[in-house]
Amino acid sequence: MKKAELVVNSPSLPLPPRRRNIQALKASLTALGPGAPATAIFRSELYGTFAVRGTVVRSVATGGLLIGGHALDTASSTVNPVPDLLDLTVGTVEIADPPTGLATALAELSHGNAVVGYFEQKPYGLFTVTGFAVEASVGLMYLVGGLLLTSKGSRMPGALLIALHRFTDTNAGPNPARITRWPDADID
């Protein structure tokens with residue numbers, strides 16, 4: 001099990017591992033329990049690679065483990081990581097004080113910006129999502145890791161977002177494409 005390393009003052013986009021190590025993910029999930037601090041790296045076709053830092057909780061609905069609302073395991077009788085989970089680091093995760101100036105940061109947001117979104121919601125508590133701001137023109141919104149940053153140019157009332165930090169990452173890699181339509185739901 002790896003120890004979490006977080007450089008709070010110098011954010012960077014998560015670098016996906018060269019190879020997804022299923023055995024290491026299973027070992028980390030087995031050692032993980034509700035209330036444990038962790039950092040999870042996910043890859044999504046829509047949102048690119050993103051990291052979620054926060055406290056792990058158990059889903060009341062499925063019994064599986066979640067971090068910032070993102071599933072870590074398949075909630076089956078055997079420990080299996082979800083397909084989008086690339087890496088999981090268990091250990092102390094320090095989250096810096098959220099920056100101020102949310103309205104300005106949202107007004108200056110563009111597709112492909114590297115961002116850290118600070119979110120707060122029960123039962124997840126305070127957590128961050130680091131990744132690319134992805135524009136979804138179908139809803140006039142920006143998202144990071146599937147979580148809403150802004151809709152129609154402003155913060156939505158009741159939204160989870162409490163702060164946003166934009167930064168430059170020279171090793172950012174390719175941006176995810178703009179979302180021009182939502183994928184069709186799989187219906188069995």
Side-chain angles (χ1 to χ4, degrees), residues 4-16 37-57 59 66-72 82 84-87 89 93-183 185:
E5 294 178 19
L6 175 61
V7 179
V8 175
N9 296 327
S10 179
S12 62
L13 289 169
L15 294 175
T39 300
I41 298 177
F42 296 91
R43 181 176 16 233
S44 162
E45 189 174 314
L46 285 178
Y47 310 113
T49 303
F50 61 95
V52 181
R53 291 179 178 89
T55 304
V56 174
V57 299
S59 168
L66 305 168
I67 186 167
H70 290 81
L72 295 171
V82 293
D84 288 348
L85 180 63
L86 299 179
D87 196 17
T89 305
V93 174
E94 293 182 23
I95 297 177
D97 290 334
T100 59
L102 178 59
T104 302
L106 290 175
E108 296 172 353
L109 193 61
S110 297
H111 175 79
N113 285 156
V115 297
V116 179
Y118 292 76
F119 299 88
E120 189 164 18
Q121 182 187 29
K122 290 182 181 181
Y124 315 116
L126 179 65
F127 62 96
T128 65
V129 180
T130 304
F132 290 107
V134 179
E135 181 182 10
S137 57
V138 291
L140 299 173
M141 61 182 75
Y142 286 94
L143 304 103
V144 61
L147 292 170
L148 192 63
L149 294 173
T150 180
S151 178
K152 298 182 177 143
S154 63
R155 181 174 179 261
M156 292 180 56
L160 304 173
L161 183 68
I162 60 169
L164 181 67
H165 175 69
R166 291 179 29 223
F167 63 94
T168 302
D169 190 333
T170 57
N171 299 316
N175 292 341
R178 285 178 169 82
I179 300 170
T180 56
R181 74 179 195 81
W182 297 113

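- Separation of the F50 and H70 ring centroids falls under the 6.0 Å cut-off.
- Summarising the geometry, atom CD1 belonging to I41 is positioned 13.0 Å from atom CG belonging to D84; distances are rounded to the nearest 0.5 Å.
- Residues F42 and L72 are in side-chain contact: their nearest non-hydrogen atoms beyond the backbone lie under 4.5 Å apart.
- By the ring-ring contact (aromatic ring centres under 6.0 Å, His included) test, F119 pairs with F127, sequence neighbours left out.
- Taken to the nearest 0.5 Å, the CD atom of E45 stands 10.5 Å off from the CD1 atom of I179.
- Checked against ring-ring contact (aromatic ring centres under 6.0 Å, His included), Y142 has no partners two or more places apart in sequence or in another chain.
- To the nearest 0.5 angstrom, T150 atom OG1 is 10.5 Å from E135 atom CD.
- Checked options L102, L143, N113, V115; the residue passing with L149 is V115 (criterion: side chain to side chain contact (heavy atoms under 4.5 Å, CB included)).
- One finds the OH atom of Y118 at 9.0 Å from the CD1 atom of I162 (value rounded to the nearest 0.5 Å).
- Remark: the backbone N or O of V116 is not paired with any side-chain donor or acceptor of H165 at under 3.5 angstrom.
- Taking 4.5 Å as the limit, some side-chain heavy atom of T130 sits within range of a side-chain heavy atom of R53.
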Residues 103-110 side chain polar contacts: donor-acceptor under 3.5 Å, at least two apart:
unit_1 : atom_1 : unit_2 : atom_2 : d
E108   : OE1    : R166   : NH1    : 3.1

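- In this structure, the separation between CG on L161 and CG on L147 is 9.0 Å, given to the nearest 0.5 Å.
- Considering only heavy atoms from C-beta on, P176 comes within 4.5 Å of F132 through its side chain.
- From T39, atom OG1 reaches atom CD1 of I67 across 6.5 Å, with rounding to the nearest 0.5 Å.
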**Asked** Can you list the steps and then say if T55 with Y124 is a side-chain contact (heavy atoms from CB on, under 4.5 Å)?
**Response** CA-CA 6 Å; T55 304; Y124 315 116; over 6 Å; no

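- Residues meeting the side chain to side chain contact (heavy atoms under 4.5 Å, CB included) test with P37, sequence neighbours left out: V93.
- Looking only at side-chain heavy atoms (C-beta outward), L148 and M141 come within less than 4.5 Å of each other.
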